[in-house]
Amino acid sequence: MVVISKYLVPRGYIGITIFPFIFLKHYNLKSNTVLMNHEKIHLKQQVELLVVFFYVFYVLEFLIRLIQYKKWYLAYQNISFEREAYLKEKDLNYLKSRPFWSFVGYL
């Protein structure tokens, strides 16, 4: 389910996925197929890790990457979940053939 709210999406981002919702900053982003595919990849990742474990691993990896890179955005970009989503967001058929736990390959 897609929810439009400029107040729920953190500053500097245009969308965020918190199972089972995709929050977008503006209504017109809903028609952005690449962005929607990116967020749907995150939904799949969250389901695979039973939602709660996704957030635990996401935060832990972010903290490790923040120590490693010392820059917020660089740490964010190098989280394995984000790397998978960014690399595959333009492949609109990716979710149909995506292997289970494929984010592990991006660690």
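Just so you know, residue 1 is the first one in the sequence shown, and it goes up from there.
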Pairing residues for Glu61 by the salt bridge (charged side-chain N to carboxylate O under 4.0 Å, His left out) criterion, not counting sequence neighbours
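Only Arg65 meet the salt bridge (charged side-chain N to carboxylate O under 4.0 Å, His left out) criterion with Glu61.
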
Please enumerate all residues that pass salt bridge (charged side-chain N to carboxylate O under 4.0 Å, His left out) together with Arg98, with sequence neighbours excluded.
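Here the qualifying residues are Glu48, Glu84.
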
Joint cluster assignment, [X] & [Y], ILVMFWY side-chain distance < 4.5 Å:
X     : Y     : value
Leu66 : Val59 : yes
Ile67 : Tyr58 : no
Tyr7  : Leu24 : no

Can you pull the salt bridge (Lys or Arg N to Asp or Glu O under 4.0 Å) pairs that have at least one residue in residues 69-81, sequence neighbours excluded?
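Salt bridge (Lys or Arg N to Asp or Glu O under 4.0 Å) check on residues 69-81 returns no pairs.
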
Output every pair passing salt bridge (Lys or Arg N to Asp or Glu O under 4.0 Å) with a member in residues 16-27, not counting sequence neighbours, ordered by first then second residue.
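For residues 16-27, and leaving out neighbouring residues, there are no salt bridge (Lys or Arg N to Asp or Glu O under 4.0 Å) pairs at all.
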
If the condition is ring-ring contact (aromatic ring centres under 6.0 Å, His included), which residues does His38 pass it with, not counting sequence neighbours?
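Result, ring-ring contact (aromatic ring centres under 6.0 Å, His included) vs His38: His42, Tyr86.
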
Can you name the residues that form a side chain to side chain contact (heavy atoms under 4.5 Å, CB included) with [X], not counting sequence neighbours?
X     : value
Tyr13 : Val9, Pro10, Trp72, Tyr76
Leu87 : Tyr106
Phe19 : Leu43, Gln46, Val47, Val51

Enter the distance from [X]:[atom1] to [Y]:[atom2] here, rounded to the nearest 0.5 Å.
X      : Y     : atom1 : atom2 : value
Phe62  : Asn78 : CZ    : CG    : 11.0 Å
Glu82  : Gln77 : CD    : CD    : 9.0 Å
Ser102 : Ile41 : OG    : CD1   : 8.5 Å
Leu95  : Lys44 : CG    : NZ    : 7.0 Å

By the rule that ILVMFWY residues connect when side-chain heavy atoms come within less than 4.5 angstrom, directly or transitively, which residues belong alongside [X]?
X     : answer
Leu60 : Val56
Leu92 : none
Leu74 : Tyr69

Side-chain heavy-atom pair Ile18, Tyr55 within 4.5 angstrom cut-off
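They are in side-chain contact.
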
Could you check if a side-chain atom of Phe54 sits within less than 4.5 angstrom of a side-chain atom of Thr17, using non-hydrogen atoms only?
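With C-beta onward as the side chain, the pair stays apart.
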
Please table the atom pairs, donor to acceptor, closer than 3.5 Å between any side-chain atom in residues 27-34 and protein atoms at least two apart or in another chain.
from	atom 1	to	atom 2	distance (Å)
Ser31	OG	Asn28	O	2.9
Asn32	OD1	Val34	N	3.2
Asn32	OD1	Leu35	N	3.0

Are Glu89 and Tyr94 linked by a side-chain donor-acceptor pair shorter than 3.5 Å?
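No, no side-chain donor-acceptor contact under 3.5 Å.
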
Is the backbone N or O of Phe81 less than 3.5 Å from a side-chain atom of Gln45, with the two atoms forming a donor-acceptor pair by type?
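Yes; at least one donor-acceptor contact below 3.5 Å.
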
